[in-house]
Asks: 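Before I ask anything, here is the structure I am working with.
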Amino acid sequence: MRKIYITEVAPRDGLQNFKGVVETERKIRFVNLLSESGVDEIEVSSFVHPKWVPQLADAEEVFKGIKRKESIIYSAITPNERGLERALKVGVDKVAVLTAASDTFNRKNINTDIEGSFRILEPVVKRAKEEGLNVRGYVSTAFWCPYEGKVSPHKVRELVLRLFEVGVDEVSIGDTIGRASPKDVYELLNMLLKDVSVDKIILHFHVTYGMGIANVICSYKDFGIYRFDSSAGGLGGCPYAPGASGNIATEDVVFALREMGADVKVDERKILHALREVGLPVNSSIGRIF
Ligand code: HMG
Ligand code: MG
């Protein structure tokens with residue numbers, strides 16, 4: 001049985017859309033506390049345009065301030081070459097590039113369509129690989145798009161395969177607006193896992209329709225998916241995806257998977273401790289109990 005691999009995305013996905021101010025020192029403390037929880041990877045920030053995502057304008061300072069643990073990968077989003085340059089200067093362990101299965105969402109999110117996203121991400125992947133970094137590709141709006149509606153799984157499969165051709169090491173498949181149900185997950189994974197190893201796929205769920213944990217359980221149990229993105233306290237949301245609510249909460253995911261008999265190393269109490277220590281809100285089922 002493969003150990004569950006958790007990428008904790010609260011410092012990035014959680015804070016990119018956060019309504020209050022979270023000072024740099026508080027972010028650093030948050031990442032350091034999350035490092036004690038047993039998560040495998042922490043997406044620390046995004047090297048995006050500060051006008052597009054002002055909440056993460058301090059990505060360099062956060063990376064410089066955190067205390068890194070050998071066993072944890074500290075990653076970041078780098079949507080373009082400028083972002084990668086900035087990330088390389090502060091020694092990120094791994095980078096992520098962005099595309100989405102919808103032209104409209106891509107335009108709103110990164111100011112270009114699907115074809116344009118590949119033109120921008122290809123040199124980023126090439127250079128990151130030359131620098132010896134692992135690269136994640138994100139496919140957002142992989143089930144539903146806030147602008148274009150239901151997304152075809154064929155289109156998602158095509159984009160995932162194209163990202164691997166470009167040279168990414170893994171793909172995170174995003175239900176950006178939290179609209180996917182297990183039916184959508186079955187439809188996509190039945191198709192995708194014929195061509196792609198389960199070791200290279202990560203699922204990234206949001207919770208708007210309340211299906212996030214059900215999606216985790218069915219993808220784990222019926223398809224052997226063991227890598228998930230989740231966010232402490234269920235923080236999260238994309239500023240360019242209207243109606244998107246938080247990510248699936250790390251504490252709920254690890255509780256659910258452990259109950260299913262999975263090998264889970266994350267301590268949900270330490271996740272909750274990290275949130276409370278830095279005064280961030282807790283919006284999860286487990287958070288209401290412990
Ligand atoms: P653009 O305006 O098209 O950029 O933005 P540009 O290349 O035309 O450059 C314009 C100016 O911006 C230039 O400055 C650049 O130097 C500067 P000027 O010469 O005019 O003075 N610039 C930058 N500065 C700092 N850092 C940079 C950078 N790039 C350009 N990296 C861009 C294009 C991609 C940068 C912009 O659209 C952007 O930053 N978008 C990010 C949006 C974002 O972060 N969205 C949220 C993350 S995605 C998400 O949440 C979904 C996910 O969670 C999965 C899921 O849930 O599905 C991942
Ligand atoms: Mg997200």
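Indexing begins at 1, ligand by ligand and atom by atom, following the structure's order. Sequence positions, counted from 1, serve as the residue numbers for this chain. Since this is a predicted model, take the numbers as computed values, not measurements.
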Asks: Check for me whether Lys3 meets the cation-pi criterion with Tyr226, that is, NZ or CZ under 6.0 Å from the six-membered ring centre and within 45 degrees of the ring axis.
Replies: no

Asks: According to the side-chain hydrogen bond (donor to acceptor under 3.5 Å, both in side chains) rule, which pairs have a member within residues 228-244, sequence neighbours left out?
Replies: Arg136-Asp229, Ser172-Asp229, His204-Asp229, Ser230-Thr250

Asks: Taking the Mg ion (ligand 2) as the centre, how many protein N/O/S atoms fall inside a distance shorter than 2.8 Å?
Replies: 3

Asks: What pair of heavy atoms forms the shortest contact from Ile248 to Gly212, and how long is it?
Replies: CG2-CA, 3.5 Å

Asks: Tell me which pairs pass salt bridge (charged side-chain N to carboxylate O under 4.0 Å, His left out) where either residue lies in residues 275-284, with sequence neighbours left out.
Replies: Arg29-Glu277

Asks: Tell me if the centroids of the rings in Tyr186 and Phe223 come within less than 6.0 Å of each other.
Replies: yes

Asks: Whether Arg162 and Glu115 form a salt bridge (side-chain N of Lys/Arg under 4.0 Å from carboxylate O of Asp/Glu) is what I want to check.
Replies: yes

Asks: Can a cation-pi geometry be assigned to Arg179 and Tyr209, taking NZ or CZ under 6.0 Å from the six-membered ring centre and within 45° of the ring axis?
Replies: yes

Asks: Between the protein and ligand 1, are there any N or O atom pairs that come within less than 3.5 Å of each other, and if so, what are their names and distances?
Replies:
residue  : atom   : partner : partner atom : Å
ligand 1 : 3 (O)  : Asn111  : ND2          : 2.8
ligand 1 : 12 (O) : His49   : NE2          : 2.9
ligand 1 : 26 (N) : Val48   : O            : 3.4
ligand 1 : 26 (N) : Arg86   : NH1          : 2.8
ligand 1 : 29 (N) : Asn80   : ND2          : 2.8
ligand 1 : 31 (N) : Phe47   : O            : 2.9
ligand 1 : 31 (N) : Asn80   : OD1          : 3.1
ligand 1 : 31 (N) : Gly83   : N            : 3.4
ligand 1 : 39 (O) : His49   : N            : 2.8
ligand 1 : 40 (N) : Asn109  : O            : 3.1
ligand 1 : 45 (N) : Asn109  : OD1          : 2.8
ligand 1 : 50 (O) : Arg12   : NH1          : 3.1
ligand 1 : 50 (O) : Gln16   : NE2          : 2.8
ligand 1 : 53 (O) : Arg12   : NH1          : 3.3
ligand 1 : 53 (O) : Arg12   : NH2          : 2.9
ligand 1 : 53 (O) : Asp13   : OD2          : 2.9
ligand 1 : 53 (O) : His204  : NE2          : 3.3
ligand 1 : 56 (O) : His204  : NE2          : 3.0
ligand 1 : 56 (O) : His206  : NE2          : 3.1
ligand 1 : 57 (O) : Ser140  : OG           : 2.9
ligand 1 : 57 (O) : Thr176  : OG1          : 2.6

Asks: So, Asp13 and Gln16: side-chain donor and acceptor under 3.5 Å apart, yes or no?
Replies: yes

Asks: Answer yes or no: is there an ion pair linking Arg258 with Asp263, defined by an N-O contact shorter than 4.0 Å?
Replies: no

